[in-house]
Amino acid sequence: MAFRLTPHERGFYPLFTRAAENIASAADDLAKLVAAEPSGRAEIAQRVKETENAGDSVTHEIMVKLNSTFVTPFDREDIYRLASSLDDVLDYMEEAADRIVLYRLGVLPGGISEQVEVLRRAAAATSEAMPRLEKMAELQEYWIHVNSLEDEADAVYRRLLGDLLAPPDGDPPADVLTVLKVKEIVETLEEAADAFETVANTVESIAVKEA
Amino acid sequence: MAFRLTPHERGFYPLFTRAAENIASAADDLAKLVAAEPSGRAEIAQRVKETENAGDSVTHEIMVKLNSTFVTPFDREDIYRLASSLDDVLDYMEEAADRIVLYRLGVLPGGISEQVEVLRRAAAATSEAMPRLEKMAELQEYWIHVNSLEDEADAVYRRLLGDLLAPPDGDPPADVLTVLKVKEIVETLEEAADAFETVANTVESIAVKEA
Amino acid sequence: MAFRLTPHERGFYPLFTRAAENIASAADDLAKLVAAEPSGRAEIAQRVKETENAGDSVTHEIMVKLNSTFVTPFDREDIYRLASSLDDVLDYMEEAADRIVLYRLGVLPGGISEQVEVLRRAAAATSEAMPRLEKMAELQEYWIHVNSLEDEADAVYRRLLGDLLAPPDGDPPADVLTVLKVKEIVETLEEAADAFETVANTVESIAVKEA
């Protein structure tokens, strides 16, 4: 007890867990969105937007707590960076959902579902890892797992972009405006995958310092 | 006096103020550029280029001072990051101005003026905040303000890109090469808005440490 | 000897040197790739891929050593950042090589060879600088040199993109899908140039702290 200067210290952990739960919920909705009929997309995208707003509130709570807490469980800057990178993941997901609706696309290429499926798995891994942050337990498996998911996302992304710009023999080329729209969405989803890796790298660098 | 090891310490503040003043001046020119006739653009873009060169000199002065100063007013790394992010803002603005000329575009979509107007306001806010860095006064309003301007810039950016790629019913679609050119400019301006947010986040993280 | 807590400490330097040598080797192959006939590209791209795999192993070795070393030659975070940014350079080079093959492009615009030539020089400068990291010798010339190469790369990149989107009078415009493909490659090479600058900036910030 002598070393516990403030009860606030441990309050960061539930907030990181909530941030990751929001991400997992948005990833589930994103999977529903890309599987839905075009007419049903707007409603699901609206739900992703609301989850992103909830995520912004959690980020804000973390920042306020950071301003009012004297002793933090790990470096202030790492708390800041972890909160920001979790926030980025949700931002990219919401941006992808918004663009799918905004660009009024018809059928999406199948590769987009694959991208979203990898995001869903990265979200689940992140959501399971956050509650272990307090005890710094089994985090290495988490970041190795997310790094390998990012490799997988990258492979899907490259193939998808290749097929889009240089359709395999026999496929008719899409019209160029459609190519541009799909390319934007595919790139935004890839940015979400990269952002998961940044979260994992931040956790890794926290763990390295604590070791 | 006993605690003042070197008179250099305070010399950083006027440099950050000058960096922000250059940004405000470039933002004003950018507003003139997007309002000008195509034939008058090159001359204004040249002025933005000169302001960017002046900005590079200020960045260089900050880095040299950082190398030769023993006691800095805040973390060396934060000085480095603040100087770099101010430099980035000006780089993106110059890049946008250069592209508008280089791509020989005719009339620009109205949304581009809106983007530039938000940049102008972010530049004014940054320019007013920098002189308050020394006393760490009223900085929270500044970063909240810039964050909300970035939200505004983001909304304009999304709408602009949506209208460009999926023109509202009734509008004739632009030819695809024009779409690509406008998209590049719109994205570069959005990067400038993001860079303002990075400046604000850096100031926030300095203030958090000092608190 | 009293101050040498562990013999591992110096083991980081050869790893950074190896990372930079891999980059130099990939840059040489990339130059061969853009000079080769389309039919000979896949084989060279495969070699770049293998070099990138070798680079990943070096990055991994650095991270493992970071986890198991008590006293590091400079800040843990800087070691982490230097390793990551060297890794990024090689990633972008491999991505560019992969895209040139994947998009099945015919003759490449001449400007792409210029971009790769600048990368080759940045790679050589980086490869020569890494062995000097241990003695912190002549590093300033290195980072000034790389920063000026990045300026050069930026100028080539802008001209190339300008010619692509707004062909000089008299040139026939490329078809838009080809424009998109070339644009992706040109942008990826520019990202490699930026990543070299990040490596140089990281070295600069290490040197600033050590000074």
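Below, chain A is the first sequence line, B the second, and so on; all start at residue 1. Every heavy atom of this structure was used, including side-chain atoms; hydrogens, water molecules and symmetry mates were not.
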Between A:D163 and chain C, which part of the residue has a heavy atom less than 4.5 Å away: side chain, backbone, both or neither?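 Neither part, no heavy atoms under 4.5 Å.
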
Nearest non-hydrogen partners of C:L180 and A:L180, listed with the distance: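 Looks like CD2-CD2, 3.7 Å.
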
What pair of heavy atoms forms the shortest contact from A:A166 to C:L102, and how long is it?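 It is CB-O, 3.9 Å.
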
Decide yes or no on side-chain contact (heavy atoms from CB on, under 4.5 Å) for C:E184 and A:K183, but give the supporting numbers first. CA-CA 11 Å; C:E184 287 297 301; A:K183 189 167 163 288; 2.8 Å; yes

Once you round to the nearest 0.5 Å, how far does CG of A:D75 lie from CD of C:E77? 7.5 Å

From A:L165 atom CG to C:R99 atom CZ, the distance as rounded to the nearest 0.5 Å: 8.5 Å

Taking side chain as everything from C-beta outward and backbone as N, CA, C, O, which of these in C:Y103 sits under 4.5 Å from a heavy atom of chain A? Side chain, backbone, both or neither. both

Chain A heavy atoms under 4.5 Å from C:E95: which part of the residue, side chain, backbone, both or neither? both

Take C:E94 and A:R158 through the test salt bridge (charged side-chain N to carboxylate O under 4.0 Å, His left out) and record every step on the way to the result. CA-CA 12 Å; C:E94 186 278 324; A:R158 285 184 186 204; 2.8 Å; yes

Should we count CD of C:E134 as having more than 12 external heavy atoms under 6.0 Å? yes

When heavy-atom pairs shorter than 4.5 Å are enumerated against chain C, which of A:V176, A:V179, A:N201, A:L164 gives the highest number? A:N201

